[in-house]
Enquirer: 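Quick one: the structure is below, questions incoming.
Throughout, numbering of the chain's residues begins at 1 and tracks the sequence. Keep in mind that what you see is a predicted model, and the values were worked out from it rather than measured. Heavy-atom basis, side chains included; hydrogens, waters and symmetry copies ignored.
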Amino acid sequence: MTVSETLRPRQYPEPRAMLRLIKPITWFPPIWAFLCGAVSSAVPLGENWPMVVLGMVLAGPIVCGMSQAANDWCDRHVDAVNEPDRPIPSGRIPGRWGLWIALAMTVLSLAVGWLLGPWGFGATVVGVIAAWAYSAEPIRLKRSGWWGPGLVGLSYEGLPWFTGAAVLLSAAPRFEVVVMAALYAFGAHGIMTLNDFKALEGDRQHGVRSLPVVLGPEVAAKIACTVMALAQALVIAFLLVLDKPWHALAVTALLAAQVAAMRVLFRDPKGKAPWYNGTGVVLYVTGMMVTAFALRGLA
């Protein structure tokens, strides 16, 4: 490669950078939540597997991928400080390609959502609006350490759960399903707060008032864990009300394991936040599926 080729600006995105832009690692939470919703609906999954698979693809690679592309485009100046090797600030996705990819995936999201019927399409519209409201000016809810994580928690856990049930039922889910989806979405606020730890310096420089920036890592970690634990405590109580003691016991055991992991997190919140996201969060989402099967047994 010559010096002139090295210095010449890239005109088209690098394929691997495009994949990194939509962050496959972030697809799991909404995919899992959609599957939890489908399970909780009590509709036979085997007879409806094409709809289930399409919904999981929509929730993960398409809508979540779109939201990641939109966020990276709107956060390109912050990422230049926090993670300059990301696709857009590094130049591997040049010019306005990041915006065009996000807009194209927005259109794709709505088109695929249409295939899931009125409930699926309506939920997709809500998800698309939430993604842009979180990242884009002038709304940019991610500037708030309270509204931003709350919106993401709702979009990643509550909305896909509701959608998975509604699509298979072709109707609004039962009250119990909506309550459990809302509780796990509420708890996900804590997960998203811990996720903000990795962007601490850039957020501070660019006026993003995340809880780690405003309150400091120690207090933010305690708030995040309290929210997660409170949500699951309410889930356990509701399972007992629904006469599902064994499911309640399983979620209690998972919460106890999370509390042990939280004690490790509190020793070094900033350093241990990525570790907790790989341990405590797995326990959290396992409890979601346990709860989904409990709801399935009510039908």
Side-chain angles (χ1 to χ4, degrees), residues 13 15-40 45 49-75 79 83 86-88 93 98 101-113 115-116 120-121 123-132 134-135 142 148-149 151-165 167 181 184-185 187-192 194-196 198-199 274 276-289 292:
R16 290 180 62 184
M18 292 173 67
L19 181 61
R20 185 180 175 189
L21 180 70
I22 58 176
K23 299 184 187 69
I25 196 173
T26 66
W27 301 347
F28 173 75
I31 289 175
W32 186 255
F34 184 92
L35 185 57
C36 286
V39 169
S40 69
L45 301 189
W49 69 265
M51 192 71 73
V52 174
V53 171
L54 183 61
M56 292 169 65
V57 171
L58 174 64
I62 301 179
V63 175
C64 183
M66 176 275 299
S67 72
Q68 296 300 326
N71 185 61
D72 268 27
W73 171 255
C74 296
D75 259 11
D79 288 340
E83 299 177 82
R86 279 194 173 186
I88 294 176
I93 294 184
I101 291 171
L103 291 175
M105 293 190 69
T106 297
V107 174
L108 178 62
S109 297
L110 296 173
V112 175
L115 299 177
L116 291 178
F121 180 70
T124 302
V125 171
V126 172
V128 166
I129 292 173
W132 286 102
Y134 176 77
S135 299
K142 76 172 297 175
L151 181 63
V152 176
L154 179 66
S155 301
Y156 269 45
E157 306 293 3
L159 183 61
W161 186 315
F162 177 91
T163 307
V167 165
Y184 277 109
H189 186 292
I191 298 175
M192 301 310 160
L194 293 177
N195 192 54
D196 285 337
K198 69 179 186 298
Y276 187 85
N277 282 333
T279 53
V281 173
V282 171
L283 297 167
Y284 183 92
V285 299
T286 300
M288 289 173 58
M289 187 58 75

Enquirer: Report yes if the side chains of Pro160 and Leu35 come closer than 4.5 Å at any heavy-atom pair, otherwise no.
Expert: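 They are not in contact (no side-chain heavy atoms under 4.5 Å apart), so the answer is no.
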Enquirer: Minimum heavy-atom separation for Ser40 and Trp161, please, with both atom names.
Expert: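 Residues Ser40 and Trp161, closest heavy atoms: OG-NE1, 3.2 Å.
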Enquirer: Applying side chain to side chain contact (heavy atoms under 4.5 Å, CB included), name anything that partners Ser155, two or more places apart in sequence or on another chain.
Expert: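 With neighbours one apart ignored, the set is Ala130, Leu151.
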Enquirer: What distance do Met66 atom CE and Leu58 atom CG have between them, rounded to the nearest 0.5 Å?
Expert: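 The CG atom of Leu58 is 9.0 Å from CE of Met66, to the nearest 0.5 Å.
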Enquirer: Residues in side chain to side chain donor-acceptor pair (under 3.5 Å) with Trp132, at least two apart?
Expert: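 Residues passing side chain to side chain donor-acceptor pair (under 3.5 Å) with Trp132: Thr106.
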Enquirer: Could you walk me through whether Val107 and Leu103 pass the side-chain contact (heavy atoms from CB on, under 4.5 Å) check?
Expert: CA-CA 7 Å; Val107 174; Leu103 291 175; 6.0 Å; no
Enquirer: Any chance you could measure Tyr276, atom OH, to Thr279, atom OG1, to the nearest 0.5 Å?
Expert: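 Reported to 0.5 Å precision, the distance equals 6.5 Å.
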Enquirer: Mind checking the CG-NE2 spacing from Leu194 to His189? Nearest 0.5 Å is all I need.
Expert: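 So the CG of Leu194 and the NE2 of His189 are separated by 11.0 Å.
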Enquirer: The criterion is salt bridge (Lys or Arg N to Asp or Glu O under 4.0 Å); which residues satisfy it with Arg20, sequence neighbours excluded?
Expert: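 By the salt bridge (Lys or Arg N to Asp or Glu O under 4.0 Å) rule, Arg20 matches Asp85.
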Enquirer: Might you work through the salt bridge (charged side-chain N to carboxylate O under 4.0 Å, His left out) test for Lys142 and Asp196, ending with a clear yes or no?
Expert: CA-CA 10 Å; Lys142 76 172 297 175; Asp196 285 337; over 6 Å; no
Enquirer: Kindly compute the distance separating CD1 (Ile93) from CG (Leu21), expressed to the nearest 0.5 Å.
Expert: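 It is 4.0 Å, given to the nearest 0.5 Å.
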Enquirer: Which of parallel (below 30°), tilted (30 to 60°) and perpendicular (above 60°) describes Tyr184 and Tyr284?
Expert: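 Rings of Tyr184 and Tyr284: perpendicular, as their planes differ by over 60°.
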Enquirer: What's the verdict on side-chain contact (heavy atoms from CB on, under 4.5 Å) for Thr124 and Leu116, showing C-alpha distance, side-chain angles and the deciding distance?
Expert: CA-CA 9 Å; Thr124 302; Leu116 291 178; 5.5 Å; no
Enquirer: Under 4.5 Å between any side-chain heavy atoms of Gln68 and Met105, yes or no?
Expert: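 Sidechains of Met105 and Gln68: no contact.
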Enquirer: Go through the structure and list residues passing side chain to side chain contact (heavy atoms under 4.5 Å, CB included) with Leu115, not counting sequence neighbours.
Expert: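 Residues passing side chain to side chain contact (heavy atoms under 4.5 Å, CB included) with Leu115: Leu54.
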Enquirer: Could you give the distance from CH2 (Trp27) to CE (Met56), rounded to the nearest 0.5 Å?
Expert: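 Taking CH2 in Trp27 and CE in Met56, the distance rounds to 12.5 Å.
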Enquirer: Where do Ala69 and Ile101 come nearest, in terms of heavy atoms and distance?
Expert: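 Reported closest heavy-atom pair: CB-CG2, 4.4 Å.
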Enquirer: So which atom in Asp72 and which in Asp79 form the shortest heavy-atom distance, rounded to 0.1 Å?
Expert: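 Result for this residue pair: OD1-OD2, 3.9 Å.
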Enquirer: Would you check if the side chain of Trp32 reaches a backbone N or O of Thr286 as a donor-acceptor pair within less than 3.5 Å?
Expert: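 Answer holds: no.
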Enquirer: Identify the two heavy atoms, one from Met289 and one from Cys36, that lie closest to each other, and give their separation to 0.1 Å.
Expert: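 Heavy atoms of Met289 and Cys36 come nearest at CE-SG, 3.7 Å.
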Enquirer: For Pro29, give me all partners under side chain to side chain contact (heavy atoms under 4.5 Å, CB included), at least two apart in sequence or on another chain.
Expert: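 Counting only residues at least two positions away or on another chain, Pro29 forms a side chain to side chain contact (heavy atoms under 4.5 Å, CB included) with Tyr156, Glu157.
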Enquirer: For Phe121, which residues count as a ring pair (Phe, Tyr, Trp, His ring centres under 6.0 Å) partner, sequence neighbours excluded?
Expert: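 Residues passing ring pair (Phe, Tyr, Trp, His ring centres under 6.0 Å) with Phe121: Trp114.
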Enquirer: To check you understand the geometry: which heavy-atom pair defines the closest contact between Phe34 and Ala59, and what is its length?
Expert: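 The pair with the smallest heavy-atom distance is CB-CB, 4.3 Å.
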Enquirer: Looking only at non-hydrogen atoms, find the nearest pair between Asn71 and Ser135 and report the distance.
Expert: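 Here Asn71 and Ser135 meet closest at OD1-OG, 3.1 Å.
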Enquirer: How long is the gap from CG on Leu19 to CZ on Arg16, to the nearest 0.5 Å?
Expert: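 Taking CG in Leu19 and CZ in Arg16, the distance rounds to 9.0 Å.
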